[in-house]
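Okay, so here's the structure we're looking at.
All of these numbers come straight from a predicted model, not from anything done at the bench. Residue indices begin at 1 and follow the sequence shown.
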Amino acid sequence: MSLRSPLGRVLGLGTAKDGTAHWWAQRVTAVALVILSIWFLAVLLRADGLSYAEVVAFLERPLSAILMSLLCITLAYHSYLGIEVVIEDYVHGAGVKVASLIASRFAHVFVASASIYSILRIGLVA
């Protein structure tokens with residue numbers, strides 16, 4: 001006795017085969033966020049103060065700007081992945097679900113873009 005549907009047996013198809021990539025993306029970004037967050041906390045703990053001049057001096061260093069950019073991008077992507085799961089699981093109306101997913105993607109891209117722009121503006125222009 002098989003638990004597969006008759007159509008599934010004929011076509012040889014199982015699930016949509018999309019969940020594994022999403023699961024791996026969440027885990028990889030979580031590990032990256034742990035590493036980048038430890039770096040960021042170490043930087044904050046070593047800082048004497050957080051005046052504008054000190055932050056500008058910090059972001060003018062290429063390694064600091066790169067790591068801060070990676071932190072912002074990874075955080076936005078990880079957040080998007082989590083919000084996407086919540087919307088897919090708990091929003092039941094088809095139209096509202098699609099609108100929510102699109103709005104979430106635009107919001108996360110906007111936040112990530114604004115973060116990168118700010119880091120580049122401070123690091124390159126200052």
Side-chain angles (χ1 to χ4, degrees):
M1 180 172 163
S2 174
L3 296 177
R4 296 180 71 179
S5 70
L7 181 62
R9 271 184 262 135
V10 170
L11 297 175
L13 300 174
T15 63
K17 294 182 177 43
D18 188 39
T20 306
H22 195 275
W23 185 87
W24 271 107
Q26 281 186 318
R27 286 355 178 240
V28 170
T29 55
V31 170
L33 282 174
V34 167
I35 295 167
L36 291 168
S37 296
I38 291 171
W39 164 78
F40 188 62
L41 287 174
V43 166
L44 288 178
L45 291 175
R46 283 186 293 152
D48 292 333
L50 293 175
S51 68
Y52 179 76
E54 290 171 341
V55 172
V56 169
F58 171 73
L59 289 176
E60 283 178 341
R61 296 187 294 231
L63 182 61
S64 298
I66 289 169
L67 289 175
M68 187 64 72
S69 299
L70 285 174
L71 178 65
C72 292
I73 291 168
T74 307
L75 187 60
Y77 185 57
H78 185 77
S79 172
Y80 170 72
L81 290 172
I83 295 295
E84 181 182 30
V85 170
V86 170
I87 291 170
E88 288 173 349
D89 288 347
Y90 295 107
V91 177
H92 299 295
V96 176
K97 183 182 288 190
V98 170
S100 298
L101 288 170
I102 291 171
S104 173
R105 178 160 297 186
F106 278 122
H108 283 90
V109 167
F110 176 77
V111 168
S113 300
S115 301
I116 299 303
Y117 173 77
S118 299
I119 291 167
L120 288 174
R121 175 93 183 199
I122 290 171
L124 297 176
V125 176

Between [X] and [Y], is there shared hydrophobic-cluster membership here, with clusters defined by ILVMFWY side-chain heavy atoms closer than 4.5 Å?
X	Y	value
L70	M68	yes
L50	L59	yes
W24	Y80	no
I122	I66	yes
V91	V85	no

Where is the tightest heavy-atom contact between C72 and I119, given as atom of each residue plus distance?
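Minimum heavy-atom contact is SG-CD1, 3.9 Å.
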
Check S69 against I116 and note the closest heavy-atom contact, atom names and distance.
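Taking S69 first and I116 second, the nearest heavy atoms are CB-CD1, 3.5 Å.
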
[X] side-chain N/O to [Y] backbone N/O, donor-acceptor pair under 3.5 Å:
X	Y	result
S115	V111	yes
T29	Q26	yes
K97	E88	yes

Got a sec: does the CZ of R105 have more than 12 other heavy atoms crowding it under 6.0 Å?
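At most 12 heavy atoms, drawn from other residues, nucleotides or ligands, come within 6.0 Å of this atom.
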
Residues 35-47, side-chain donor-acceptor partners within the protein, below 3.5 Å, at least two apart:
{"unit_1": "S37", "atom_1": "OG", "unit_2": "L33", "atom_2": "O", "d": "2.6"}
{"unit_1": "R46", "atom_1": "NE", "unit_2": "A42", "atom_2": "O", "d": "3.4"}

Can you measure from CG (L75) to CG (L71) and round to the nearest 0.5 angstrom?
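That separation rounds to 6.0 Å.
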
Side chains of H108 and S79: does their closest heavy-atom pair fall under 4.5 Å?
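SC-SC contact between H108 and S79 confirmed.
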
Could you pull out all residues at least two apart from Y77 that satisfy ring pair (Phe, Tyr, Trp, His ring centres under 6.0 Å)?
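None.
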
